[in-house]
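All chains are named by letter (A, B, ...) in the order of the sequence lines, taking the proteins before the strands, and each is independently numbered beginning at 1. Computed from a predicted structure; not experimentally measured. All values below were derived from every heavy atom in this structure, side-chain atoms included, with hydrogens, water molecules and symmetry-related copies excluded.
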Amino acid sequence: MTNAKKRLHSLKQQIGESLCKDQWSFYRTFRSLESALKRNGDLEGLEQLESKVKLSIESAGARAARIPAVSFPDDLPVSALADDIEGLIAANQVVIISGETGSGKTTQIPKILMKLGRGSRGQIVHTQPRRIAARSVANRLAQETGTELGDIIGYQVRFNDRSSSENLIKVVTDGILIAETQTDRFLSAYDSIIIDEAHERNLNIDFLFGYLKSILPKRPELKIVITSATIDAEKFSKHFNDAPVIKVSGRLYPVDILYEDSLTKEGEQLPVEEYGLVTLALRRISEHRGSGDVLVFLPGEREIRQLDAVIRKDFLRGSVGKDWEILTLFSRLSVREQNKVFGSSHKRRIILSTNVAETSLTIPRIQFVIDSGEARLKRYSYRNKVEMLQVERISKAAADQRAGRAGRLMHGVCFRLYTLEDFQKRSEFTDPEILRSSLASVILRMQYLRLGDPQEFPFVDLPIPRAIVDGYQLLEELGAISGDKKLTKVGMELAKMPVDPRVGRMILAGRQFGCNREILILAAVMSLPDPRERDFSAQMQGVFERKDEHSDFLVFLRIWIWFQKLFDTTRSKSEIRRACEKHHLSFLRLFEWRDLHSHLSQVVRDMGFKVGEAPSGAASIHQALLTGLLGNIGYRQEERGTFRGTRDIKFQIHPGSSLYKNPGKWVVSFELVETTKLYARTVARIERDWIEPLASHLTRSTFSDPLWSREQGNVIAKEQVTLYGLIIVPARSVIYGKLNPREARQIFIQSALVRGDVRHCPPFMKHNLELIQVLENMESRSRRQDILVDESINYSFLEERVP
DNA sequence: GAGCACTGC
């Protein structure tokens, strides 16, 4: 036995050196062996485990042998600090690396980890916020390690998996890593995790931060490296129990910042007309020695269009303007138009852009930035449960990010169209997305993973209690949780679907209404950016702009059918591309639509429900949609174009909708967004009768005017049904006895029995009524009032006898 | 009469 004890002891150490993903099962087996050996000895089991552990250690060794020799390019700022970073990572579980653009941290840190022998017992996973970025980082890493992509470096993004368990490094989007938590609770496939661009603070990053903090104690051998912009580093360090921070300088050129007051020359007045400041800044730039292009940050498409017209009129026509041209850039612009900014031109360029150019796209040759100081930002109103998309003043961090875009090429200049005092008064950071979003899907995921109360979860920025309550309310609306906040069967199914819970609920309802086929198509397109493009010059006159429908959803079904037909009948990809362009449809998004559709179809089949072949009617499709959108219904008001929605909100149909001109009485919308007004976008007519059966868990009824009805021989009341305060049934007659038997009985006795207001008189009553008649006659003849008993005495008499 | 930017089992 002592021999067995020794073997156990050394086995325990060896388990610690095995592949991370094996350790959990090894430790479990080990513990049962340990107790078995105490009783009578299970030497066979011990041998088995020993050989399994040996194999696992061998494969870790084999992985280690595949780690390439790494070197760090001299010209990157991060290379000079490679040894320091290596030391910090070796000594700490979590390290924060702060650095500006151009420091080389994204590509060099994975190599530093490999140098430390990481990637052997598990993979190194490296997350990026965007799919394009994940792919390009993987490509660069493969290049720098002199390997083929897919060999030691792999990547995985939605719809595209070029990874395998053989990879030492796997580059993914942060969403993929979150998805993996559902099957790998402690992320045991990895021995190191790099969260890159953490300062972007998207919903995924914030969730991962909380999640990683909670699994740290259970994964003592796990290494986590977080990279971010300098200003956020301290906050992140605090979150991870004062993790060390190392600062790496960037490789940007200096950028001069000029404020509004420095635009005018001596004695000049600031222009008052809209966008006057921009044209003034453009004049200053044309006087400047520089020759680079100009990037103008504006809040949105509308402002871009307006400014485009102004610049053409006031600047391009002038003598200095003839050497310039204007380009526009926003996400919904066609790829062809977007790509113009990467092309070459013999003219200097003014690029009018939204926030796409702040993080997602890097535009070449920019030397000047003009910053309007504004951006459209999405917020969520917990009170009205609608989204808001309004122009806001950007934070200092965002303004600095914008300015930095001028210094990638050479010494740059940034004109801020506001004063220094204005800048100083601004908030330090943009509110992270988690404080601006509906939390329903975050809470659903937390419930599914049993992460406990969101209020206790280690978020970097804890959402306000109101936001958490709101998230639970939506989940309750969808039937995903029960009254005691436990996940229901519906909730479990929703958690498994890679879509918003509302959209998931529609898919489940599609089964119930037998219209899976259509709902899966719609669920996919509603989870992606609209495939319809907006071209700056072209008028939107495609076949899919016809506005004769009762439903915007059906327009999507028409596009789908068109695309499927095109896809089935057309061989060449370029021909498909041309057809898409002709109809102002995004080729790429249509393909993603197909991909997501087939993905969702698979998920649904795995859950065991059939996807129908035959087309379904509009009524069932819209009832299924409605099931997920119960809070988004509305009833047309007298006031033109206005709808009353749930929770006492008023909204209007978006002018881009098919229903804009002729909306009908009742509508449901996919989203309610407050811009200049509160608009319902993607709308359909519905029948009022559909609502109540789908919302039975949410409706409230009030009853009024209970009266005895002689015709119906029953006590009848008026019922009013409301859904979140919106009247969906104004006055319906109901049999009152079932709802309030006591009161109904009283009314019955008073009206029917005492007063005899009945159609068929039973004999006792006939007798009573005849007697009353006789007594009344006696009273009037004898001028006495006391022969006939009072009605109330009669009532009391009956009250005691009627069951 | 009109829409910031991303992402996923």
Side-chain angles (χ1 to χ4, degrees), chain A residues 127-134 156-161 172-184 197 200-208 297-306 329-333 353-361 372 374-379 387-392 394 398 401 430 433 436-437 441-442 444-445 448-449 492-501 503-504 523-524 527-530 532-534 540 547 592 595-596 599-600 602-604 606-607 640-641 652-657 660-661 671 673-677 679-682:
Chain A
T127 75
Q128 284 291 322
R130 280 166 293 280
R131 302 205 295 249
I132 298 175
Q156 185 186 352
V157 297
R158 191 183 213 179
F159 311 130
N160 205 346
D161 187 359
V172 299
T173 46
D174 35 36
I176 294 277
L177 189 60
I178 285 186
E180 287 182 357
T181 59
Q182 301 227 346
T183 48
D184 183 1
E197 312 284 354
E200 289 198 15
R201 300 291 304 276
N202 66 38
L203 218 49
N204 291 341
I205 289 171
D206 270 35
F207 179 78
L208 277 174
F297 282 105
L298 295 161
E301 185 185 335
R302 195 186 336 160
E303 292 79 3
I304 288 174
R305 284 176 194 274
Q306 288 167 352
L329 190 62
F330 47 91
S331 181
R332 278 208 52 199
L333 196 63
S353 174
T354 61
N355 258 352
V356 266
E358 199 180 292
T359 46
S360 310
L361 291 176
S372 65
E374 293 176 331
R376 274 209 169 72
L377 215 63
K378 201 167 192 161
R379 289 191 184 272
E387 288 179 323
M388 294 184 294
L389 191 58
Q390 276 159 354
V391 176
E392 294 187 23
I394 60 168
Q401 175 78 18
T430 310
E433 208 181 328
R436 300 187 276 118
S437 315
S441 61
V442 174
L444 179 67
R445 187 185 303 126
Y448 185 78
L449 296 171
M492 296 291 278
E493 286 179 322
L494 293 185
K496 286 181 209 151
M497 284 194 255
V499 287
D500 181 89
V503 177
S527 306
L528 295 167
D530 195 328
R532 291 169 292 188
E533 281 179 336
R534 310 196 36 99
M540 295 288 290
K547 290 180 181 169
E592 287 194 350
D595 284 339
L596 183 56
H599 185 172
L600 290 178
Q602 191 54 49
V603 170
V604 156
D606 290 346
M607 285 178 172
R640 206 175 158 273
Q652 282 172 298
I653 309 271
H654 191 273
S657 166
Y660 182 66
K661 291 217 170 96
E671 47 186 4
V673 186
E674 191 174 319
T675 53
T676 47
K677 290 172 187 157
Y679 283 114
R681 301 202 292 215
T682 317

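- Counting non-hydrogen atoms under 4.0 angstrom, A:I178 reaches nothing in the nucleic acid.
- Going from atom CG of A:L494 over to atom C1' of B:dG8 covers 15 Å, rounded to whole Å.
- Listed nucleotides: B:dC6, B:dG3, B:dC9. Nearest to the side chain of A:S360: B:dC6.
- Within the 4.0 Å cut-off from OP1 or OP2 of B:dA5, at least one side-chain nitrogen or oxygen of A:T354 is found.
- Between A:Y679 and B:dG3 there is no side-chain N or O to OP1 or OP2 distance below 4.0 Å.
- Computed from coordinates, the A:F159 CZ to B:dG8 P distance equals 7 Å when rounded to whole Å.
- The nearest whole Å value for the distance from the CG atom in A:L596 to the P atom in B:dT7 is 13 Å.
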key: Stepwise side chain to side chain contact (heavy atoms under 4.5 Å, CB included) check, A:E674 with A:E387   = CA-CA 6 Å; A:E674 191 174 319; A:E387 288 179 323; over 6 Å; no
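- The distance from the CG atom of A:L377 to the OG1 atom of A:T430 is 6.5 Å, given to the nearest 0.5 Å.
- Residues satisfying the salt bridge (charged side-chain N to carboxylate O under 4.0 Å, His left out) test with A:R379, not counting sequence neighbours, are A:E392, A:D431.
- Atom OH of A:Y660 is separated from atom C1' of B:dG1 by 4 Å (rounded to the nearest Å).
- Considering only the side chain of A:V157, B:dG8 comes nearest among B:dC6, B:dG8, B:dC9.
- When distances run from any side-chain atom of A:A179 to the nucleotides B:dC4, B:dG8, B:dG3, the shortest one goes to B:dG8.
- If you measure from atom CG of A:L203 to atom C1' of B:dC9, you get 16 Å, rounded to the nearest angstrom.
- In the set B:dA5, B:dT7, B:dG1, B:dG1 carries the atom at the smallest distance from any side-chain atom of A:P655.
- Among the protein residues, A:D500 comes within range of the nucleic acid bases, having at least one heavy atom under 4.0 Å from a base atom.
- Using a 4.0 Å heavy-atom cutoff across all strands shown, A:E671 reaches at least one base atom of the nucleic acid.
- Where A:R640 and A:L361 each meet DNA chain B at their nearest nucleotide, the meeting point lying more 5' is that of A:R640.
- With B:dC6, B:dG8, B:dG3 as the candidates, the nucleotide lying closest to the side chain of A:E301 is B:dG3.
- In this structure, the nucleotide among B:dA2, B:dC4, B:dC9 sitting nearest to the side chain of A:R376 is B:dC4.
- Across all strands, A:R130 comes closer than 4.0 Å only to sugar-phosphate atoms, never to a base (heavy-atom distances).
- Regarding A:L528, its CG atom lies at a distance of 16 Å from the P atom of B:dA5, rounded to whole Å.
- The distance from atom CZ of A:F330 to atom OG1 of A:T354, rounded to the nearest 0.5 Å, is 8.0 Å.
- The distance between atom CG of A:D530 and atom C1' of B:dA2, rounded to the nearest whole Å, is 13 Å.
- Scanning for salt bridge (charged side-chain N to carboxylate O under 4.0 Å, His left out) contacts around A:R436 gives an empty result, with sequence neighbours left out.
- As rounded to whole Å, 11 Å separates atom C1' of B:dG8 from atom CD of A:E180.
- A:R302 has a side-chain polar atom (N or O) that falls below the 4.0 Å cut-off from OP1 or OP2 of B:dG3.
- For A:T173 and B:dC6, the shortest distance from a side-chain N or O to OP1 or OP2 is not below 4.0 Å.
- Which of B:dG1, B:dC9, B:dG3 sits closest to the side chain of A:R332 comes down to B:dG3.
- Here B:dG8 is the nucleotide among B:dA5, B:dG8, B:dG1 with the atom lying nearest to any side-chain atom of A:R158.
- The phosphate of B:dA5 has neither OP1 nor OP2 within less than 4.0 Å of any side-chain N or O from A:T359.
- Once rounded to the nearest 0.5 Å, the distance linking OG1 of A:T173 with CD of A:Q128 reads 9.5 Å.
- Side chain A:R681 to base B:dG3: a donor-acceptor pair is found below 3.5 Å.
- Take the nearest nucleotide of DNA chain B for A:H654 and for A:V603: the residue whose nucleotide is more 5' is A:H654.
- Heavy atoms of A:V499 sit under 4.0 angstrom from at least one base atom.
- Between the side chains of A:D606 and A:Q602, at least one donor N or O lies within less than 3.5 Å of an accepting N or O.
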